[in-house]
Amino acid sequence: MRKETLFLILLGALIYLILIVYGIKQVYTAPAIPPSKEIVITKPEDKIVIAHTEIFGSLERPQVIFDHKKHVEAIKKEGKKEWETCSVCHREKKEKLTRIKKEDEITKEKKTEERDVLVFEFPKKIVKLDKEAYKKAYHDECIGCHKEKLKEKKKAGPLTCGDCHVKEKEFVKIKYPLVEFDPKFHYDHETKLKERTGEKDCGLCHHTYDLKEKKLVYQNGTEESCYYCHDLSKKKRGPELSQIVKVTTEKRLSYQKTAHERCLSCHIKINKEMEVSKKKGEKAPPLECGKCHTGEYRTIADLEKVPRPDRGQPKTIFITQNNATAKEVYFDHSFHEKQYKTCRECHHERLKACKECHTVLGKKEGNWINAAQAMHNVFSERSCLGCHYNYVKSKKECAGCHFMIKPIDIRSLNPKETTCEKCHTGKTKPNVTSIAKLNPNQVKDIVKIDILSKEYKPVEMLHVKMINALIENSNLSKLATYFHRDEKTICLGCHHNIQKTEIDRNRAPLCRSCHLISSENPSSTKLISAYHLSCLGCHKKMNLDKGIKCEECHKESPKKPKEIVTEKNWKTIIKNTRNILQVWHPE
Amino acid sequence: MKKISRREFLKYLGSVLTLETIFMKSEGWSKEEKKEFYGLLVDITKCIGCRRCERACAEANGLPIPDISEEKNKEVFKTLRDTSTTQYTVINKYETEKGVVYVSRRCMHCNQPGCVAACLVKAMRKRETGQVTWDLNCIGCRLCMISCPFGIPKFEYEKAIPKIQKCDLCFDRFNKGLIPACVEACPTGALTFGKRRELIEEAKRRIKSDPDKYIPYIYGEYEVGGTCVLYLSSVPFEQIGFNTQLGYEPYPKYTTGFLYAVPFIFILWPLAMLGFRKAVEGGKKHREEEKKE
């Protein structure tokens, strides 16, 4: 008896403890900012939110909105230049970079240089990632400076808690528009730096991390995008890059932080040099937030004439592989470069040739995706076929025919050798100018669709006019010209699901050859539906003004086949239907 | 009453059976085909909003014929309409992120209809072939209106002897071997009539063959225990006036639990309490006896 009661008491106590621990955990893991109360500011005017949720978690006091501009102005008033203000609050660090020149690879000439970089983190001291230490560092540096100014009897910032941790601004979220370092920016920086230093030096920004010697290395000709290593998001990467990203994550070198370090350190240096040289007409590189974070972006059309970064890539290549069975593919690299803003959109892992990771059989580096998959996957945005399909889908000129030709069909159609040969040309450059003209004797001028005409007069379709418009459309695009070389390809848009050889024999099948007038099979399309879906679908997808309304195709026929019930005689007909009803349910 | 001899009875039975087989064959759907639920697949992406289904419906059911000229259509589509006693099917226009979408609504013909369970006089009936039909013995109690999850049955308030009106998926036409009038009139094949099982297969095939166009969901496959009218769409169903919060439980099931509990509460519960009392009394006596000892 005693043992049992003791056991019960212990059990009760245990449950009570579990509940308390669970409850406390619930309270303390509540989300810091409820998304419903968030106020997003997109025009920040150089203001910064100080919250450090990655260290503090949920905050005890409201976050601080820091007016960066106000502080810079205050320091400027003390007689400092704009470029001198940064080092008041931000620390400097020394960075070592080993330069290897590609020209003398045999000697492997290495030069190690040291350069100063400003680290744009706030507590100026190096603080360990700890709640208390971080809090102390912030309070020491902010309040310390404010106190000093007060001693010097200048206008100083607040000293009490509530003045910085303002309750009203608890849920404010500041979002700066991202800076897009597009090819125009890149080209401007490249030319201006060349003017300044006299030689093309990409090592000022570009480098890679040597995993063996554990230091930064720059070799000309191997420049890559910053995103490859400094994008700390947890996406899947290859074996080499994931090791490098592990290092950058350990050092907390996010893209945001490194971009500010790299850009602003250089801008400050140039500002300083210009102070000495004082050339006229030279524009100093910007240091304020709003001057880079403009929120304006260039489109691909704006960047059409801007040369893309040159790191010795070939203009045209014949894509091939070791042990490849298919013929070479002619690839105009310089043309495709201009269809994108960045190289990353195709060279997704590192700036290397595709075949280095995607071999014929697949490799660990390429996530075991072989060359055939990498080039032909219709659902990938980076593969040849996938990108071409996305292009076709996005253009309204193409959508008229291609809304019916689906990507799955490419594989299920069992592509013939002629289909492959369009790209796999071998070592000859295909010469495609424009597609041939139509032979007017081969096609009907006007097609009369009268097989279903009952209520309306037969529909007249301007067959030749339609084909000519499509050919004209096709000639405008380089991709379309390449693939619609033969004018008979255009026929396949409407006369679909057949082999082209049938059209070559001038025997294009009619719609009614396959589409039945009435059918009970749910998967087959009836003739009337086929007409409406393909005609109207094409007209709508191509955003045409004509041929959308019923009357534009259908003219009213004088005779009406059915006795149509009007509002006058509907009551008598109801009686008739009631009689029918009573036949099948006699009461 | 006159007695029927054994021989005569067999004679009649044989003649009835032969006649039935002959007549069954003359009808459009053979007996075997009649065993399954039929249904309607509405492909919203194909509808062009011509309202020919509305007109065909009115013609087939003897209702006032709507004007479906293009000027009138523009006016009609300005408001969202509901089905009514004179319109068993309506098309509504929705402006969505993927452009203009036309949605044709009618009775969903649930697999286990709430209206049939609620009807007091069995005027609403679920047919073997899937249609939910209404008979003329309706007493106008309007219980079906309350029980319908889609708000389909409509009441003739303006009439002296009012009745319920709704779509019956052209049951009389079906018995003649014809497909519903709206399906026949549809010029784009947005409406497809067929066996429900085959329609689900077809809907899945369409989603698979064009994953960009369709959202991967068939409305009506599992809603309220499945419906015979199925919908395919390119935009999420919440945006085009469909209730997606209905759940997968058939509506009659909500009441069966209660109805089965009635006998237990009125008969078994008192019995159980009596038994309990007896048991307690027995215990008391036993203890008293123990005390006496």
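Numbers restart at 1 for each chain; the letters A, B, ... are given by sequence-line order, proteins then strands. Atom set for the values below is all heavy atoms of this structure, side chains included, hydrogens, waters and symmetry mates excluded.
- Counting heavy-atom neighbours within 6.0 Å of A:Ile446 CD1, excluding the residue itself, gives a total above 12.
- For a residue to count as touching a neighbouring chain, one of its non-hydrogen atoms must lie under 4.5 Å from one of that chain's; by this rule A:Lys526 touches chain B with the side chain only.
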Ignoring hydrogens and angles, write down the donor-acceptor pairs under 3.5 Å from the side chains of residues 393-400 of chain A, residues two or more places apart or on other chains.
from, atom 1, to, atom 2, distance (Å)
A:Lys393, NZ, B:Asp212, OD2, 3.0
A:Ser394, OG, A:Asn390, O, 3.4
A:Ser394, OG, A:Tyr391, O, 2.8

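- B:Ser69 OG to A:Glu551 CD: the interatomic distance, rounded to the nearest 0.5 Å, is 8.0 Å.
- Heavy-atom neighbours of B:Glu75 CD from other residues, nucleotides or ligands within 6.0 Å: at or below the threshold of 12.
- In this structure, chain A has heavy atoms under 4.5 Å from both the backbone and the side chain of B:Thr188.
- Here the OG atom belonging to A:Ser523 is positioned 8.5 Å from the CD atom belonging to B:Glu198, to the nearest 0.5 angstrom.
- For the atom pair A:Cys550 SG and B:Ile68 CD1, the distance stands at 8.0 Å (nearest 0.5 Å).
- Neither the backbone nor the side chain of A:Thr525 comes within contact range of chain B, judged by heavy atoms closer than 4.5 Å.
- Most heavy-atom pairs under 4.5 Å with chain B: of the set A:Gly537, A:Ala530, A:Pro522, this distinction falls to A:Pro522.
- Note on B:Gly189, B:Pro187, B:Ala190: by heavy-atom pairs under 4.5 Å with chain A, the leading option is B:Pro187.
- Counting only heavy atoms from C-beta outward, the side chains of B:Ile48 and A:Lys540 approach each other to under 4.5 Å.
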